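Notes for the one structure printed next.
Counting begins at 1 with the first residue of the sequence. Quick caveat: nothing in here was measured; it's all calculated off a predicted structure.
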Amino acid sequence: GPNGAGKTTVVKILSTLVSADGGQAQVAGHDLAADPQAVRAAIGVTGQFSAVDGLITGEENMLLMADLHHLSRREGRRTAAELLERFDLLAAASRPAATYSGGMKRRLDIAMTLVGNPRIIFLDEPTTGLDPRSRHTMWTIVRELVTDGVTVFLTTQYLEEADQLAHRIAVLHDGQIAAEGTADEL
């Protein structure tokens, strides 16, 4: 990704993309090692436009996700339209995603993730490289997701962002948790 960002190892492990070399973890009550399928069913992973296909339109990207989640054609169209509207992408829905700004691509990526109705979403540095306005839009989206009952696991290099959004913060140093707690505690 930009600035050599990309998925952090902890996100790769917790989202079952990489096996842990030790220790234990549970995601949504399921053991990572014993039941990775159940973990995958509960989560949505996004970051650096992971799933966005630039050659097709925003709407086609959404419908592709609906197909992957085995929604009926009608349900897929309804879900796609609702999410495109929610993320302010209706006007751009018929344009190829490659023409979208960085902020629009991030919003499309999150909208696509939400098609599967995940209980937990991993957002890997969702505001890296965004202008201040797009960053604040993303903050609003994160707050709305939490209000809707979704657990958001967000990685960020920005302390202000963690302070604004997180109920619990863990500071990683060389792959180890160096400190953990609420923003006030830290």
Determine, stepwise, if the pair E59 / R77 fulfils side chain to side chain contact (heavy atoms under 4.5 Å, CB included).
CA-CA 9 Å; E59 183 180 30; R77 288 196 180 287; 4.2 Å; yes

Nearest 0.5 Å, please: how far is CG in D53 from CE in M65?
12.0 Å

Answer yes or no: are there more than 12 heavy-atom neighbours, outside E85 itself, under 6.0 Å from its atom CD?
no

Looking only at non-hydrogen atoms, find the nearest pair between Y158 and G129 and report the distance.
OH-N, 4.2 Å

So L89 and M62, do their side chains get closer than 4.5 Å, heavy atoms only?
no

Taking all heavy atoms of V52 and all of A97, pick out the closest pair and write down the distance.
CG1-CB, 3.6 Å

Quick one: do I110 and L68 end up in the same hydrophobic cluster if we chain Ile, Leu, Val, Met, Phe, Trp and Tyr together by side-chain heavy atoms under 4.5 Å apart?
yes

Closest approach of G54 to P96 (non-hydrogen atoms, all atoms of both residues)
O-CB, 3.6 Å

Say you draw a straight line from CG of D124 to OG1 of T155; how long is it, rounded to the nearest 0.5 Å?
3.5 Å

Hphob cluster co-occupancy, L165 + I169, side-chain heavy atoms under 4.5 angstrom:
no

Just so I know, are the side chains of L114 and I121 near enough to count as touching, which here means a heavy-atom distance under 4.5 Å?
yes

Can you give me the closest heavy-atom contact between I43 and L14, atom names plus distance?
CD1-O, 4.3 Å

Of all the heavy-atom pairs spanning A42 and A28, show the shortest one and how long it is.
CB-CB, 3.7 Å

Is it possible for you to say whether L64 and L71 belong to one hydrophobic cluster, with membership spreading through side-chain heavy-atom contacts below 4.5 Å?
no

Working to the nearest 0.5 Å, report the span between CE of M112 and CG of L63.
10.5 Å

Side chain to side chain contact (heavy atoms under 4.5 Å, CB included) between H167 and V146, intermediate numbers included
CA-CA 10 Å; H167 294 113; V146 171; 3.7 Å; yes

Scanning both residues in full, the closest heavy-atom pair of T99 with R95 reads OG1-NE, 3.1 Å

Show the numbers, then the answer: is there a side chain to side chain contact (heavy atoms under 4.5 Å, CB included) between H30 and Q37?
CA-CA 9 Å; H30 304 289; Q37 282 301 110; over 6 Å; no

Distance, nearest 0.5 Å, that separates CG of L123 from CG of L145:
7.0 Å

Rounding to 0.5 Å, atoms CG (D163) and OG1 (T156) come to a distance of 11.5 Å

Within the structure provided, determine whether E161 and L154 are in side-chain contact (heavy-atom separation under 4.5 Å).
yes

Test item: S101 side-chain N/O and M104 main-chain N/O as donor-acceptor pair under 3.5 Å
yes

Would you compute the distance between atom CZ of F153 and atom CZ of R168 and round it to the nearest 0.5 angstrom?
12.0 Å

Is a side-chain donor or acceptor of Y100 paired with a backbone partner of R107 at a separation under 3.5 angstrom?
no

Within a strict 4.5 Å, meaning less than it, do heavy atoms of the V171 and I177 side chains meet?
no

Main-chain N/O of V150 paired to D148 side chain as donor or acceptor, under 3.5 Å:
no

Run the side-chain hydrogen bond (donor to acceptor under 3.5 Å, both in side chains) test against R78 and tell me which residues pass, sequence neighbours left out.
E75, E82

Tell me, with the steps shown, if L108 and F87 meet side chain to side chain contact (heavy atoms under 4.5 Å, CB included).
CA-CA 7 Å; L108 178 60; F87 290 94; over 6 Å; no

Considering residues, nucleotides and ligands other than L159, do more than 12 of their heavy atoms fall under 6.0 Å from its CG?
no

